[in-house]
Amino acid sequence: MDTNTTPAPLQCTSCGQTLTRDIVYCPACEFPSIYHVDHSVPAEFRHIPTGGPGATGRIMDMVYHIEGAFVPVLRFDLHHYKIYFEHHVLLWKDEPVDISARAMPGIGSRIIAGLPIFLTQARGPGRIAFSRDGVGQVIPIHLHGGEELQVRKHSWLAATDNIAYTYRRVRGFKNIFFGGAGFFMDEFSLGSGEGVLFLHGYGNVFQATLDRNQTILVEPGGFLYKDTSVQMDTVFTNLSTGFFASAGLTMQRFTGPGRLGIQSMYLHMPGATPTGS
């Protein structure tokens with residue numbers, strides 16, 4: 001009989017820092033204990049809370065705030081730090097904040113793919129705020145050196161300047177035309193150090209960590225992000241309702257290992273086939 005009663009560690013879901021149970025604020029990113037996941041609970045989909053008005057965190061000398069209960073706003077106190085973002089998500093800024101264009105590599109491929117060839121970047125000092133203009137959650141995902149994350153298109157708000165941004169082509173006919181994410185996914189990576197990527201999920205955002213070869217089926221509009229180690233394919237189920245009628249169920253199958261993010265409001269890209277059609 002195992003007599004080891006040492007409690008399992010806590011881990012901050014904002015930055016991954018291992019914590020002891022008496023810590024109120026994460027020493028790495030300063031998020032309060034509401035963000036800590038207790039690993040004594042079996043792996044499952046866990047809601048990622050952002051704390052509503054007043055949630056805050058820090059990366060280097062930059063402080064970020066997540067504000068608003070229904071249509072969230074992401075606000076930065078930049079000091080002299082630099083971030084980049086999609087230009088149409090800018091809500092407001094202090095006048096001293098410098099805004100400039102940032103050219104992306106592979107212009108020809110991006111034009112063909114319908115992806116942006118320029119991003120907008122901001123440098124402090126001053127404050128700047130962003131909003132996706134939709135009901136949902138803004139979540140910060142701290143990346144460490146060597147990590148990569150694949151994200152549904154048009155789901156990110158901003159990223160620290162040291163995070164590389166490119167795209168990944170979705171493979172397979174079924175995934176492209178029935179998977180709900182379209183032809184491409186955004187891909188973010190960090191070579192070294194630490195950076196933060198900010199995503200907007202519609203509804204509420206949940207995260208699961210899949211074990212190796214563990215699978216789960218997700219409504220195509222619910223996919224938000226995944227580690228590059230998580231494999232994705234589309235599966236069909238025929239639902240027979242009699243001799244003269246039938247219906248189909250389309251789901252995305254994700255196979256671990258790695259993290260998988262889900263949004264609770266289904267988002268279907270134009271031309272995609274919703275579940276049950």
Side-chain angles (χ1 to χ4, degrees), residues 13 37 41-50 70-72 113-115 132-139 141 148-157 166-188 197 199-277:
T13 59
V37 173
V41 178
E44 58 187 9
F45 278 100
R46 298 184 175 94
H47 178 228
I48 301 178
T50 53
F70 300 106
V71 181
L115 298 170
R132 179 58 73 176
D133 191 24
V135 175
Q137 275 188 267
V138 172
I139 60 169
I141 297 183
E148 298 177 320
L149 198 72
Q150 293 175 340
V151 179
R152 176 186 284 274
K153 283 178 60 177
H154 306 302
S155 295
W156 70 282
L157 285 174
T166 183
Y167 63 92
R168 176 66 61 93
R169 182 180 176 184
V170 175
R171 301 290 181 179
F173 176 85
K174 292 190 297 183
N175 290 334
I176 293 173
F177 292 100
F178 300 97
F183 286 86
F184 300 93
M185 286 190 292
D186 291 329
E187 186 168 275
F188 298 87
L197 170 67
L199 305 181
H200 178 278
Y202 291 95
N204 295 120
V205 178
F206 299 82
Q207 178 177 287
T209 301
L210 301 177
D211 294 331
R212 184 172 301 277
N213 296 324
Q214 182 182 3
T215 62
I216 191 166
L217 300 181
V218 178
E219 207 282 339
F223 164 66
L224 182 60
Y225 65 88
K226 69 181 185 72
D227 286 327
T228 55
S229 57
V230 174
Q231 302 301 308
M232 179 183 74
D233 65 303
T234 302
V235 296
F236 304 105
T237 301
N238 184 49
L239 305 176
S240 178
T241 57
F243 289 105
F244 303 104
S246 64
L249 184 66
T250 304
M251 301 288 283
Q252 279 184 307
R253 178 170 54 205
F254 295 91
T255 305
R259 296 171 295 176
L260 171 66
I262 286 182
Q263 57 188 2
S264 63
M265 285 181 64
Y266 303 158
L267 175 66
H268 293 283
M269 301 298 290
T273 303
T275 299
S277 61

Colleague: Without swapping roles, check the side chain of Gln137 against the backbone of Ile139 for a donor-acceptor pair under 3.5 Å.
Modeller: no
Colleague: Could you list the residues that satisfy ring-ring contact (aromatic ring centres under 6.0 Å, His included) with Phe254, not counting sequence neighbours?
Modeller: Phe223
Colleague: Among Met185, Gln207, Gln263, find the one that has a side-chain contact (heavy atoms from CB on, under 4.5 Å) with Tyr225.
Modeller: Gln207
Colleague: Hey, what do you get for CG (Leu249) to CG (Leu217), rounding to the nearest 0.5 Å?
Modeller: 8.5 Å
Colleague: For Asn204, does its backbone N or O pair with a side-chain atom of Ser264 as donor and acceptor, under 3.5 Å?
Modeller: yes
Colleague: Ignoring hydrogens, what is the shortest heavy-atom contact between Leu224 and His200? Give both atom names and the distance.
Modeller: CD1-O, 3.9 Å
Colleague: Taking it one step at a time, do Leu157 and Arg132 satisfy side-chain contact (heavy atoms from CB on, under 4.5 Å)?
Modeller: CA-CA 7 Å; Leu157 285 174; Arg132 179 58 73 176; 4.0 Å; yes
Colleague: Evaluate the side-chain contact (heavy atoms from CB on, under 4.5 Å) criterion for residues Leu149 and Asp227: first the C-alpha distance (whole Å), next the side-chain angles of each, then the deciding distance (0.1 Å), finally the verdict.
Modeller: CA-CA 5 Å; Leu149 198 72; Asp227 286 327; 3.5 Å; yes
Colleague: Can you list everything that forms a side chain to side chain contact (heavy atoms under 4.5 Å, CB included) with Val135? Sequence neighbours excluded, please.
Modeller: Val71
Colleague: Which pairs, with at least one residue in residues 199-210 and sequence neighbours excluded, count as a salt bridge (charged side-chain N to carboxylate O under 4.0 Å, His left out)?
Modeller: none
Colleague: Mind checking the CG-CE spacing from Asp233 to Met251? Nearest 0.5 Å is all I need.
Modeller: 12.0 Å
Colleague: What are the two closest heavy atoms between Pro257 and Ser229, and how far apart are they?
Modeller: O-OG, 2.6 Å
Colleague: Mind listing the closest non-hydrogen atom pair of Gly134 and Pro72 along with its distance?
Modeller: O-CD, 3.8 Å
Colleague: Test Val205 against Leu199 for side-chain contact (heavy atoms from CB on, under 4.5 Å), laying out the working first.
Modeller: CA-CA 10 Å; Val205 178; Leu199 305 181; over 6 Å; no
Colleague: Rounded to the nearest 0.5 Å, what's the gap from OG1 on Thr215 to CD on Gln231? Could you check?
Modeller: 12.5 Å
Colleague: Looking at every heavy atom in both Thr255 and Asn213, which two are closest together, and how far apart are they?
Modeller: CG2-CA, 3.8 Å
Colleague: Applying side-chain contact (heavy atoms from CB on, under 4.5 Å), run through Asp186 and Ser155 and close with a yes or a no.
Modeller: CA-CA 9 Å; Asp186 291 329; Ser155 295; over 6 Å; no
Colleague: Are side-chain heavy atoms of Thr250 and Thr234 found at a separation under 4.5 Å?
Modeller: yes
